[in-house]
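Have a look at the structure below before the remarks.
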Amino acid sequence: MFEGLTERLGKTFRNLTGTGKLTEANMAEALKEVRSALLSADVHFKVAREFIEKVKAGCVGEEVLQSVSPGQQVVKVINDEMVELLGGESPPALTKKPLKVMMVGLHGSGKTTSSAKLAKLLSKKEGFRPMLVGCDIYRPAAIDQLETLARNEEFLFYGDRNSKDVPSIGKAGLREGLDRGASLIVFDTAGRLQIDTDLVEEVKRLRAEVNPDEVFLVADSALGQEAVNVAKTFHEAVDLSGIILTKLDGDARGGAALSMKHVTGVPIRFAGTGEKVDDFEAFHPDRMASRILGMGDVVSLVEKAQETMDEKEAERMAEKMQRADFNLEDFLKQMQQVKKLGSLGSVVNMLPGMNGVEVGEKEDRQMKQTEAIIQSMTIYERRNPAILNGSRRMRIANGSGVKIKDVNQLLKNFGQMRKMMKKLQGGKGRKMMESLMGGGIPGN
Ligand SMILES: Nc1nc2c(ncn2[C@@H]2O[C@H](COP(=O)(O)OP(=O)(O)OP(=O)(O)O)[C@@H](O)[C@H]2O)c(=O)[nH]1
Ligand SMILES: [Mg+2]
């Protein structure tokens, strides 16, 4: 599924051309693809629709960068918007001591495991002394599981296998924790297959009894369309302060994250990335966004282009190309702009769906050779290629360490390119030149 999507988006972007401003028309196809990317990443359909509308509103009228396609640029906007929606910056550290944390969530979502993981992370990073309190009285094994985890990590532990009253277990655990010098007290609660009212009542009472600083919803990243309801119901019942997203090491694309954050406004604080106690980290919105979109490489390509391209220069160049008074000096400048992006191969390979395309050392070498030949010309020659007679060509070949036939070939290709530019309008002309730079000059 993943490859299929990247492939499809790649195709859409290759088909998009045009300069000027982003319009509804040149964005429509890309947005359609991104919408289906969101849906197949399990983003809730209403959330996906709202999100696309927002992106559209943000894009229309934006200037198109010269060096990337409108589609690629749309993806960048979408990515930025998504990072923002997922919380922007990574959330601030938890430092208040003592800190009381309550874990809630569906059955099997990872509450017990995450209790230990969170305790470990906070003890390592912020010097907390953790105590784990077992508030799951429905499975005897649940308390054993938590106790084992606590023992392995040398955390304090509290459990009461004889009590059936969760709030009073929590209260006793809290008192004992504080007495024994714990600065972090984590309450692990029971889960259910479905959210039922008894469970909700119980967590509410526990919450009222221990008054936690943080209430974290522990949610499996593979939750899918259901995620919205789960997050909403828990939020209404116990007023969540954060979400812990588990099982990110699995193949879920993680759209649940976007849905849950969107409907509750509650930030995603941590992510579980494996079965081991150390497989746990602060949540990173940027990584999540590229996971959901599967377009991380396009985003860095556009970022690179934004950093390195001189917009004014590019515009001037496009105009010259249309007027067809584009000379070898312009050609050299244009080529150097492309080079700033990295080797030609690395640029092309960043494009989705282009992984299989071979633009290797050969093309890179050809580009360097073309550059060397033009650099061996005088400025006057570059501006007036027509004066390049045999002896000038020989001098240039010697100066750049190539054969005279390489110089001839370059000039021939350049002449053809200029002819074609006269016929073509901006977007296509630019494409043409890119392909000529990639492999057409000299040689072939
Ligand atoms: N691969 C992977 N497995 C995880 C992760 N988090 C939890 N698990 C596994 O998921 C299973 C359930 O985890 P628990 O911590 O017992 O879940 P729970 O929410 O406490 O379950 P109940 O108490 O039964 O409601 C266990 O096998 C964990 O090892 C994760 O981030 N990655
Ligand atoms: Mg559990």
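Order of listing sets the numbers, starting from 1, for every ligand and every atom in it. This structure is a prediction, so every number in the text was calculated from the model and none was measured.
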Tell me which protein heavy atom sits closest to atom 22 (P) of ligand 1, plus the residue, atom name and distance to 0.1 Å. G108 N, 3.5 Å

Ion pair check, D165 and R205, cut-off under 4.0 Å: yes

Using a strict cut-off of less than 4.0 Å between a Lys/Arg side-chain nitrogen and an Asp/Glu carboxylate oxygen, indicate whether K120 and D278 qualify as a salt bridge. yes

Minimum heavy-atom separation for L132 and S115, please, with both atom names. CD2-O, 3.9 Å

Yes or no: does G105 have any heavy atom under 4.0 Å from an atom of ligand 1? no

Counting non-hydrogen protein atoms only, what is the nearest one to atom 9 (C) of ligand 1? Give residue, atom name and distance. K247 CE, 4.1 Å

Nearest-neighbour protein heavy atom for atom 30 (C) of ligand 1, which is reported as residue plus atom name and distance: G274 O, 3.1 Å

Tell me, which protein residue and heavy-atom name are nearest atom 23 (O) of ligand 1, and how many Å apart are they? R139 NH2, 3.2 Å

Quick one: are V228 and K46 in side-chain contact, heavy atoms under 4.5 Å? no

Would you kindly specify which portion of T273 sits under 4.0 Å from ligand 1, judged on non-hydrogen atoms: side chain, backbone, both or neither? backbone

How far is atom 3 (N) of ligand 1 from its nearest protein heavy atom, and which residue and atom name does that atom have? E275 CG, 3.6 Å

Determine whether the side chain, the backbone, both or neither of M103 has a heavy atom under 4.0 Å from any heavy atom of ligand 1. neither

Any N or O of K111 closer than 3.5 Å to N or O of ligand 1: yes

Can you report which non-hydrogen protein atom sits closest to atom 17 (O) of ligand 1, along with the distance? G110 N, 3.0 Å

Strictly under 4.0 Å, does any heavy atom of V218 approach an atom of ligand 1? no

Test of understanding: given a 4.0 Å heavy-atom threshold, classify the contact between T112 and ligand 1 as side chain, backbone, both, or neither. both

Return the closest protein heavy atom for atom 14 (P) of ligand 1 as residue, atom name and distance. T113 OG1, 3.3 Å

K100 to F187 six-membered ring, cation-pi geometry met (6.0 Å, 45°): no

Which residue owns the protein heavy atom closest to atom 1 (N) of ligand 1, what's the atom, and how far is it? D249 OD2, 2.6 Å

